[in-house]
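Each remark here refers to the structure printed beneath this line.
None of these values were measured; they are calculated from a predicted model. Hydrogens, waters and symmetry mates play no part in the numbers below; they use all other heavy atoms, side chains included.
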Amino acid sequence: MLTAGVSANIGVMAQKENPLDRTNIDSSDPNFQPILEDLQGNILASHGRDHSVHIFLKFRSDLDVTNKWIRSFAQSYITSAKKQAEDAERYRNENITGGLFTTFFLSAPGYRVLEFPLVKIPCGQ
């Protein structure tokens, strides 16, 4: 969920090959486990639910309060890619649904409000 966490975990993986250079990611491959724990679900594969609810927020309070709220929300609710893969496997094998799937997306204006440098905003300005 945190880019820094992904980078740190990649550095820990002492291998000849960087697993992120591969185009086919096997969620059961132990080389990917540290990455999948830190990566938000719905990035590598669709969450597969039949319905979704979208909540749009506009942050107006001070930056510190907003960042704390986002961090708390992420740590408490966001579904990791690892959990998503485990839920999908359980559904295939036992027909047990994964339950609530939660993600968090920011618009380009949202990144600007949070004072991200332009070079760190995905897909431009």
Is there side-chain contact between E89 and E86, with heavy atoms separated by less than 4.5 Å?
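SC-SC contact between E89 and E86 ruled out.
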Roughly how far, to the nearest 0.5 Å, is the OG1 atom of T97 from the CZ atom of R90?
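R90 atom CZ to T97 atom OG1 measures 9.0 Å (nearest 0.5 Å).
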Can you tell me how far apart NZ (K68) and CG (D62) are? Round to the nearest 0.5 Å.
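One gets 8.5 Å once the value is rounded to the nearest 0.5 Å.
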Would a single hydrophobic cluster contain both [Y] and [X], if residues Ile, Leu, Val, Met, Phe, Trp and Tyr are joined by side-chain heavy-atom contacts under 4.5 Å?
| X | Y | result |
| --- | --- | --- |
| F101 | I96 | no |
| V65 | F104 | no |
| Y77 | L100 | no |

Do you know which two heavy atoms are closest between T79 and Q84, and how far apart they sit?
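Looks like CG2-N, 4.2 Å.
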Of all heavy-atom pairs between L63 and L114, which one has the smallest distance, and what is that distance?
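Of all heavy-atom pairs spanning L63 and L114, the closest is CD1-CA, 3.6 Å.
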Any idea how H54 and F56 line up, ring-wise: parallel (<30°), tilted (30 to 60°), or perpendicular (>60°)?
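Ring orientation, 0 to 90° scale: parallel.
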F59 vs W69 aromatic rings, parallel, tilted or perpendicular, using cut-offs 30° and 60°?
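Correct class here is tilted.
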Determine whether T102 and F73 satisfy the following criterion, side chain to side chain contact (heavy atoms under 4.5 Å, CB included), listing intermediate values before the conclusion.
CA-CA 10 Å; T102 308; F73 179 84; 3.6 Å; yes
If the condition is side chain to side chain donor-acceptor pair (under 3.5 Å), which residues does T66 pass it with, not counting sequence neighbours?
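For T66, the residues satisfying side chain to side chain donor-acceptor pair (under 3.5 Å) (neighbours in sequence not counted) are S61.
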